[in-house]
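Below is one structure; the comments refer to it alone.
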Amino acid sequence: MLAVLSPSRKLLRKVAAVAAFVGLAACDPAMMSAPGVGSGPNINVNAPVPVALLIPRTDSSAGGIAASLEHAARLAVASLDGVEIDLRVYDTAGDAQRAALQAETAVAEGAQIIIGPLFGEAANAAGVAVADNGVNVLSFSNNPSIAGGNVFVLGPTFRNTADRLLGYAAREGRNSVVIAHPQNVEGEFGKAAIQAAASQNGVRVAAVQSFPFSQEGVASAVPRIRDSINSTGADTLFLTSNAAGALPILLQLLPEAGVNPTATQFMGLARWDVPAQILSMRGAQGGYFTLPDTAAKNAFDSRYRAQFGADPHPLAGLAFDGIAAVGALVRQGSSDALSMRALTQNSGFQGANGVFRLRPDGTNERGLAVATVRNNQVIILDPAPSGFGGAGF
């Protein structure tokens with residue numbers, strides 16, 4: 001086994017972290033259809049626009065992320081041309097009840113849109129708390145189950161990644177897929193996203209193989225995955241796992257079990273370039289995964305380092321994106337700049353990791369590049385689009 005492989009107890013510890021990030025609560029169904037929800041308050045385009053940033057400053061496990069989110073938001077405010085944002089920061093402490101109270105406080109103090117919170121449950125609670133005020137919430141969650149009504153998720157979604165990869169694969173002639181996923185929150189979300197994307201792109205789901213979230217469970221699933229590919233004639237294997245979970249084990253054991261990456265197209269929901277050891281694994285060679293717009297990400301990272309003397313947290317760009325979207329809309333000079341209609345404009349926005357847009361169902365779509373691994377190096381097969389309507393959309 002390579003050093004990158006985690007013991008089963010380390011794998012299991014990831015369950016709590018993943019569940020905390022994506023959350024499990026969904027928006028109140030009554031709120032989803034309530035009149036005026038998400039309509040957005042009218043703003044004064046000739047005065048600074050009050051924007052609330054809800055972050056878990058005093059959460060011992062997320063304080064570092066909170067600081068990076070705040071830095072990125074302030075960097076975005078300073079970058080706006082011809083628009084003034086009055087950024088007001090509120091501490092959720094990572095708690096859903098406090099997030100709801102802070103959202104209500106922010107709106108009472110004049111906030112006309114909320115950026116954050118970080119966790120799904122807190123974002124859901126904040127959205128419900130201010131729904132009657134018609135104030136929209138651009139949360140940092142990536143959980144589509146909390147999206148809708150006045151709540152949007154800025155976090156990259158599995159569905160977006162699956163759509164991009166299966167759309168590209170279908171254009172390359174791939175038409176049937178086996179899905180392999182762990183039996184945990186992340187795996188179930190990933191499986192559902194791949195199934196929906198397969199239907200959208202005309203790809204047949206030949207089989208689904210799940211496995212217990214442990215090293216032993218992963219190893220025992222390998223022969224079943226191989227047999228599913230052989231018996232169904234599937235030309236693609238889609239893995240939901242990431243490098244901190246089952247991905248390294250699968251990329252090592254599947255080729256050893258006779259699943260040839262040159263005959264079966266491997267692809268994954270997670271990035272395969274971090275950590276770098278993944279790139280040298282046989283199962284990674286030729287595999288597909290997605291990356292954000294490299295030029296946009298490098299520019300954001302460089303500006304962040306120059307301003308704050310450190311690298312941004314991987315989620316920091318979401319705060320930059322929220323402020324960038326608000327700034328772009330306010331610059332248009334309309335009093336309803338923060339309404340759902342405006343937020344979901346089809347052209348989208350330019351963010352820290354490239355172009356993105358918010359969808360009426362509260363989810364998002366991001367411009368992603370399709371990448372592969374050749375000779376242990378990352379190669380871009382299809383660049384991230386600079387706007388919507390181009391490749392991959």
Side-chain angles (χ1 to χ4, degrees), residues 38-40 43 45 49 51 72-73 75-77 79-83 85 112-116 123 136-144 146-165 167-168 193 196-197 200-201 290-300 303 315-334 336-370 380 382-393:
S39 58
I43 66 170
V45 296
V49 178
V51 174
L75 184 64
V77 169
S79 303
L80 297 176
D81 182 19
V83 174
I85 298 294
Q112 296 178 318
I113 193 167
I114 292 172
I115 311 293
N136 288 302
V137 176
L138 308 186
S139 77
F140 301 132
S141 175
N142 66 340
N143 179 3
I146 69 163
N150 65 329
V151 177
F152 295 85
V153 294
L154 289 171
T157 66
F158 290 150
R159 175 62 190 275
N160 191 183
T161 299
D163 270 332
R164 182 69 166 108
L165 290 174
Y168 179 81
Q200 177 72 26
N201 290 281
T290 64
L291 292 173
D293 184 314
T294 304
K297 183 182 186 305
N298 289 344
F300 168 73
R303 292 173 60 196
L315 299 179
L318 301 180
F320 186 97
D321 290 355
I323 297 296
V326 170
L329 292 172
V330 172
R331 189 180 298 114
Q332 294 174 9
S334 175
D336 71 343
L338 302 182
S339 67
M340 178 179 289
R341 178 198 61 78
L343 287 166
T344 57
Q345 64 179 25
N346 195 54
S347 58
F349 310 97
Q350 291 292 334
N353 293 306
V355 66
F356 71 99
R357 62 183 170 189
L358 301 172
R359 303 177 65 88
D361 65 0
T363 62
N364 69 78
E365 185 176 9
R366 292 180 173 274
L368 300 172
V370 176
I380 301 297
D382 197 19
S386 58
F388 292 100
F393 294 92

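- Rounding to the nearest 0.5 angstrom, the gap separating the CZ atom in Phe158 from the CG atom in Asn143 is 9.5 Å.
- For the atom pair Leu318 CG and Ser141 OG, the distance stands at 10.0 Å (nearest 0.5 Å).
- The minimum heavy-atom distance linking Ala162 with Ala193 is given by the pair CB-O, 3.9 Å.
- One distance of note links CZ of Phe152 with CZ of Arg359; it measures 11.5 Å at 0.5 Å rounding.
- Rounding to the nearest 0.5 Å gives a distance of 10.0 Å between CG of Asn353 and CG of Asn298.
- When each of Ile115, Ile113, Val83, Leu75 is paired with Ile323, the side chain to side chain contact (heavy atoms under 4.5 Å, CB included) condition holds for Ile115 and for no other.
- For the pair Glu365 (side chain) and Gly348 (backbone), a donor-acceptor distance under 3.5 Å is absent.
- When the salt bridge (charged side-chain N to carboxylate O under 4.0 Å, His left out) test is applied to Asp321, the partners found at least two apart in sequence or on another chain are Arg366.
- In this structure a side-chain-to-backbone donor-acceptor pair under 3.5 Å is present from Asp293 to Ala296.
- Note that Arg357 lies outside the cation-pi zone of Phe349, set by a 6.0 Å cut-off to the ring centre and a 45° limit from the axis.
- What you find for Arg159 and Ala196 is that their closest heavy atoms are NH1-CB, 3.3 Å.
- Taking both residues in full, the closest heavy atoms of Ala72 and Phe300 are given as CB-CZ, 4.0 Å, listed atom of the first, atom of the second, then distance.
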Hey, mind stepping through Asp382 and Arg164 against salt bridge (Lys or Arg N to Asp or Glu O under 4.0 Å) and telling me if it holds? CA-CA 10 Å; Asp382 197 19; Arg164 182 69 166 108; 3.0 Å; yes

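- Side-chain contact annotation: Thr363 with Asp361, donor-acceptor N/O pair under 3.5 Å present.
- Taken to the nearest 0.5 Å, the CG atom of Asn150 stands 11.0 Å off from the CG atom of Leu343.
- Of all heavy-atom pairs between Ala352 and Phe320, the closest is N-CD2, 3.8 Å.
- In this structure, Asn136 contributes its side chain and Leu338 its backbone to a donor-acceptor pair below 3.5 Å.
- Of the residues listed (Val77, Leu80, Ile43, Val51), the one engaging Val326 in a side chain to side chain contact (heavy atoms under 4.5 Å, CB included) is Val51, and it is the only one.
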Stepwise side chain to side chain contact (heavy atoms under 4.5 Å, CB included) test for Asn364 and Asn160: CA-CA 8 Å; Asn364 69 78; Asn160 191 183; 4.3 Å; yes

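- Here CD of Gln345 is found 10.5 Å from CZ of Phe388. Values are rounded to the nearest 0.5 Å.
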I'd like to know whether Ile146 forms a side chain to side chain contact (heavy atoms under 4.5 Å, CB included) with Val153, so could you lay out the CA-CA distance, the side-chain angles of the two residues, the decisive distance to 0.1 Å, and finally the verdict. CA-CA 8 Å; Ile146 69 163; Val153 294; 3.8 Å; yes

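- With contacts defined as side-chain heavy-atom distances shorter than 4.5 Å, the pair Val151/Leu138 does not qualify.
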